[in-house]
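Read through the structure below, which is laid out as structure tokens, and then see the notes.
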Protein chains: 2
Amino acid sequence: MAKKGLDSKIIISTAAQLVEEKGYDHFSLNELALKLGVKTASLYNHIEGLQEVNSKVSHLAVSRLHLILEASIARKERDEALMSLTLAYRDFAKKNPELYKAVIKLPTSEDDQLKESGAQVVEPIIAILRKYALNEVDRIHFSRALRSAIHGFVEMEEAGFFRRHDANIDISYEKMIEGYIVILNSYNN
Amino acid sequence: MAKKGLDSKIIISTAAQLVEEKGYDHFSLNELALKLGVKTASLYNHIEGLQEVNSKVSHLAVSRLHLILEASIARKERDEALMSLTLAYRDFAKKNPELYKAVIKLPTSEDDQLKESGAQVVEPIIAILRKYALNEVDRIHFSRALRSAIHGFVEMEEAGFFRRHDANIDISYEKMIEGYIVILNSYNN
DNA sequence: GACTAAAACTAATACTATTAGTTTTAGTAA
DNA sequence: TTACTAAAACTAATAGTATTAGTTTTAGTC
């Protein structure tokens, strides 16, 4: 019963680990407590409840994705940056499929930081798009379409929709991104 | 304790209704039984368990979506058919947001009909694409990109990602589809 | 060395799905 | 009409979930 050095940060990062191990839908506070060497009720000294854990795991997932996206576009611009970011995005989702599922649940947690957290994924995309000849509104339109495609692709791939093996999935993805690059470059300039 | 006229079909359609009412994540067999005027354990005379219910609700959702997509392209071709189908798709997702969530869980249910059921959504899209000058492999590549975009868009919209009100969401969607139509028409012909 | 607040604990509650065993019902056969 | 059977309802119990209340222990401070 000695005080374990528990705090919210350790709990959330362990939760993220457990989500990846057991699957997003099979996460439980019982297993989390077990992994932390503590009784389940003890967690409530540090967290409000399951909802808060879920919410914070989502924020953590978005944070990590953000870092990777930023790194992917360092010293790159335009088409090269876009291709690099989109590949990094899919790579993250494939390496952390269960944690990635937390990303889409982000805005569900109705706290105020969500605008900030949501922006973490859009921001590097918007940064790239600024180098193209789109006005601000078209930039938003285009970024929504691009994010939809990227997210939709990795989620459907993970869910098991793309089964026809006579068409290579990597190539499907590349062609999709190339399509977006074509559209993007067609905006006058 | 008189025999209620329960069968699998009634159970699943009631489950689908309950999913829409309470939200996909808050569905329970207890509430389902309550709504059917039966004790929870009695459901097991007709269903294997929760997993089967979830799986069959997914199949039902896909079936309904399929019907709507087919109807949307009746007597239409090419660009007009594509625009009509994509609008119908989003419309379905907006009118049945919780039930739509069951669609993405389809392939998780590992039964053999999944190829058939999954095909229900692709099929009308492929039918449209046959009228364009793509070879079979490119048709698959393109359909994956299009489905990713459509699904990704409606899911992110429902999840609350598209918040900037200075860009109209309907227009974002239209522009996205128009982009795909441009790409599609650029395949020689 | 006593006091306090944080952080662990135990115990209980109300949900969830699921299984086993029992009773009732509806329909069929004698 | 009565007896039989199988389906479909039931009750009761189990194991898992999150959560709350109340208690004990610990670590650090006065």
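Each chain gets a letter, A, B and so on, in the order the sequences are listed, and its residues count up from 1.
- Using a 30° and 60° split on the angle between ring planes, A:Phe162 and A:Phe153 fall in the tilted class, from 30° to 60°.
- Rounding to whole angstrom units, NZ of residue B:Lys39 and C1' of C:dT23 are separated by 15 Å.
- Rounded to a whole Å, the CD atom of A:Glu52 is 10 Å from the P atom of D:dT19.
- DNA chain D is contacted by both A:Ala41 and A:Asn30; A:Asn30 maps to the nucleotide lying nearer its 5′ end (nearest heavy atom per residue).
- Relative to the side chain of B:Thr40, the nucleotides C:dT18, D:dA9, C:dA7 differ in distance, and C:dT18 lies closest.
- One interatomic measurement links the two molecules: NZ of A:Lys22 to P of D:dG16, which rounds to 13 Å at whole-angstrom precision.
- When rounded to the nearest whole Å, the span between CG of B:Leu29 and P of D:dT17 equals 17 Å.
- Here the P atom of nucleotide D:dA9 and the CD1 atom of B:Ile47 are 12 Å apart, to the nearest Å.
- C:dC15 atom C1' lies 15 Å from atom CD of A:Gln51, rounded to whole Å.
- Without hydrogens or angle criteria, A:Asn96 side chain to A:Phe92 main chain gives a donor-acceptor distance under 3.5 Å.
- Salt bridge status for B:Lys101 with B:Glu98: present, with a side-chain N to carboxylate O gap under 4.0 Å.
- Closest-nucleotide positions on DNA chain D for A:Phe27 and B:Val38 were compared, and the one nearer the 5' end corresponds to B:Val38.
- Rounded to an integer number of Å, the gap from A:His26 NE2 to C:dT16 C1' is 14 Å.
- Electrostatic pairing of A:Asp166 and A:Arg164 counts as a salt bridge here, judged by a charged N lying under 4.0 Å from a carboxylate O.
- Here C:dA7 is the nucleotide among D:dA9, C:dT18, C:dA7 with the atom lying nearest to any side-chain atom of A:Asn45.
- Across all strands, A:Ser42 comes closer than 4.0 Å to base atoms (heavy-atom distances).
- Checked against the 6.0 Å centroid threshold, B:Tyr180 and B:Phe142 count as a close aromatic pair.
- With D:dA9, C:dC9, D:dT19 as the choices, the nucleotide that has an atom nearest any side-chain atom of B:His46 turns out to be D:dA9.
- A 3.5 Å limit on both hydrogen-bonding distances identifies C:dA8 as the Watson-Crick or G-U partner of D:dT23.
- Here C:dT18 presents its C1' atom at 5 Å from OH of B:Tyr44, a figure rounded to the nearest Å.
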